[in-house]
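Fair warning: this is a prediction, and the values are worked out from it, not measured in the lab.
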Amino acid sequence: MATTNLSNYDKATIPNAKNFRFGIVVSEWNPEITENLYLGASQTLIENGVQKENIVRWNVPGSFELIYGCKRMIENLKLDAIIAIGNVIQGETKHFDFVCEGVTQGIKDLNVKYDTPIIFCVLTDNTKQQSLDRSGGKHGNKGIESAIAAIKMAALREF
């Protein structure tokens, strides 16, 4: 488990993102977490040169639906990368395991099938506090980290 803020990055090492277009698919489940992740991602994209009009946001009901939302974005929009934002918190049943496994494999499958990188920004934590700590709390904001990964992967497509 991370014990420090991992969201710090050296802006000088980030490719120029001025001409890139990004999609962000956001789960509506646990909005106090996913909205913070979205804010971290979108603000980071803008801070690194992306124009607001080049960021497309779609909402889906839950993390499991991220897969379909990302697939539809790929098929219908010209994007350089997509960020899938969600949050699954451990409960008392096996549902957590099934959702986490399904979302992970689904995003992986889309990355293999399509030429548009999809960045996995789905927090899968044991407690709500752990998710809060990773969505703008003491461990930073995984949305920021995902935006940096999206920029780097978009730049990689140019080779």
Side-chain angles (χ1 to χ4, degrees), residues 1-7 9 20-46 50 52 54-154 156-157:
M1 176 171 18
T3 56
T4 60
N5 183 330
L6 300 175
S7 299
Y9 64 94
F20 293 146
R21 259 186 109 216
F22 294 93
I24 304 177
V25 183
V26 183
S27 167
E28 294 173 334
W29 193 258
N30 296 325
E32 63 278 16
I33 308 300
T34 59
E35 286 303 314
N36 284 340
L37 294 169
Y38 170 77
L39 288 173
S42 61
Q43 289 171 356
T44 301
L45 291 173
I46 291 167
V50 179
K52 280 185 181 183
N54 286 335
I55 302 171
V56 179
R57 176 186 173 149
W58 287 1
N59 290 342
V60 295
S63 289
F64 203 80
E65 291 77 23
L66 289 168
I67 303 159
Y68 184 76
C70 290
K71 179 179 179 281
R72 296 297 294 160
M73 265 195 176
I74 290 171
E75 293 173 344
N76 291 289
L77 302 174
K78 185 174 174 8
L79 301 167
D80 295 292
I82 298 171
I83 302 170
I85 293 178
N87 178 230
V88 186
I89 299 173
Q90 177 70 59
E92 296 178 0
T93 68
K94 299 286 270 173
H95 182 73
F96 173 86
D97 299 325
F98 299 134
V99 172
C100 292
E101 178 74 16
V103 175
T104 302
Q105 292 302 315
I107 299 295
K108 182 268 301 173
D109 290 345
L110 293 175
N111 272 304
V112 170
K113 182 176 181 178
Y114 294 100
D115 191 41
T116 302
I118 302 173
I119 308 305
F120 187 85
C121 183
V122 181
L123 300 183
T124 57
D125 293 310
N126 292 320
T127 67
K128 184 175 181 177
Q129 187 59 54
Q130 289 175 336
S131 293
L132 291 168
D133 290 344
R134 289 162 179 76
S135 61
K138 69 180 179 180
H139 294 306
N141 186 320
K142 294 296 181 184
I144 294 170
E145 296 170 44
S146 296
I148 296 303
I151 293 169
K152 289 180 177 183
M153 293 303 291
L156 184 64
R157 292 183 73 211

Working to the nearest 0.5 Å, report the span between [atom1] of [X] and [atom2] of [Y].
| X | Y | atom1 | atom2 | answer |
| --- | --- | --- | --- | --- |
| Ile67 | Gln105 | CD1 | CD | 9.5 Å |
| Ile82 | Cys70 | CD1 | SG | 5.5 Å |
| Leu37 | Lys142 | CG | NZ | 10.0 Å |
| Cys121 | Ile83 | SG | CD1 | 7.0 Å |
| Leu132 | His139 | CG | NE2 | 11.5 Å |

Could you go through residues 84-91 and list every donor-acceptor pair under 3.5 Å that involves a side-chain atom there, pairing it with any protein atom two or more places apart or in another chain?
{"unit_1": "Asn87", "atom_1": "OD1", "unit_2": "Asn30", "atom_2": "ND2", "d": "2.9"}
{"unit_1": "Asn87", "atom_1": "ND2", "unit_2": "Leu123", "atom_2": "O", "d": "3.3"}
{"unit_1": "Asn87", "atom_1": "ND2", "unit_2": "Ser131", "atom_2": "OG", "d": "2.8"}

Q.
Test of understanding: with side-chain hydrogen bond (donor to acceptor under 3.5 Å, both in side chains), list the residues that count as partners of Asp133, not counting sequence neighbours.
A.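 With neighbours one apart ignored, the set is Gln129.
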Q) Looking at residues at least two apart in the chain, or sitting in another chain, which of them share a side-chain hydrogen bond (donor to acceptor under 3.5 Å, both in side chains) with Lys128? A)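 Result, side-chain hydrogen bond (donor to acceptor under 3.5 Å, both in side chains) vs Lys128: Glu32.
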For [X], give me all partners under side-chain contact (heavy atoms from CB on, under 4.5 Å), at least two apart in sequence or on another chain.
| X | answer |
| --- | --- |
| Phe64 | Val103 |
| Leu77 | Val56, Trp58, Met73, Leu79 |
| Thr44 | Tyr9, Asn48, Ile144, Ala147, Ile148 |

Q.
Could you go through Ile55 and Ile46, starting from their C-alpha distance and side-chain angles, then the distance that decides it, and tell me whether this counts as side-chain contact (heavy atoms from CB on, under 4.5 Å)?
A. CA-CA 9 Å; Ile55 302 171; Ile46 291 167; 3.8 Å; yes
Q. Do Glu35 and Val26 pass the side-chain contact (heavy atoms from CB on, under 4.5 Å) test, and can you show the C-alpha distance, the side-chain angles, and the key distance before you say yes or no?
A. CA-CA 8 Å; Glu35 286 303 314; Val26 183; 4.3 Å; yes
Measure across [X] and [Y] and return the closest heavy-atom pair with its distance rounded to 0.1 Å.
| X | Y | answer |
| --- | --- | --- |
| Phe120 | Ser146 | O-OG, 4.2 Å |
| Ser7 | Glu145 | OG-OE2, 3.2 Å |
| Asp80 | Ala154 | CB-CB, 3.7 Å |
| Asn141 | Gly40 | ND2-CA, 3.8 Å |
| Arg21 | Lys78 | NH1-O, 3.1 Å |
| Ser27 | Leu66 | N-CD2, 3.9 Å |

**Q.** Side chain proximity check, Glu28 to Thr34, heavy atoms < 4.5 angstrom
**A.**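 No; the side chains remain at least 4.5 Å from each other.
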Q: Scan residues 59-69 for pairs that pass side chain to side chain donor-acceptor pair (under 3.5 Å), counting only residues two or more places apart or in two chains.
A: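 Found Arg57-Asn59.
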Q: Scan residues 109-121 for pairs that pass side chain to side chain donor-acceptor pair (under 3.5 Å), counting only residues two or more places apart or in two chains.
A: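 Sorted result for residues 109-121: Glu75-Tyr114, Asp115-Arg157.
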**Q.** Asn54 side chain vs Val50 backbone, donor-acceptor pair below 3.5 Å
**A.**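 The answer is no, because no donor-acceptor pair under 3.5 Å joins these two groups.
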Q: Enumerate the residue pairs fulfilling salt bridge (charged side-chain N to carboxylate O under 4.0 Å, His left out) with a member in residues 95-107, sequence neighbours excluded, ordered by first and then second residue.
A: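 Of all non-adjacent pairs touching residues 95-107, those that pass salt bridge (charged side-chain N to carboxylate O under 4.0 Å, His left out) are Lys94-Asp97.
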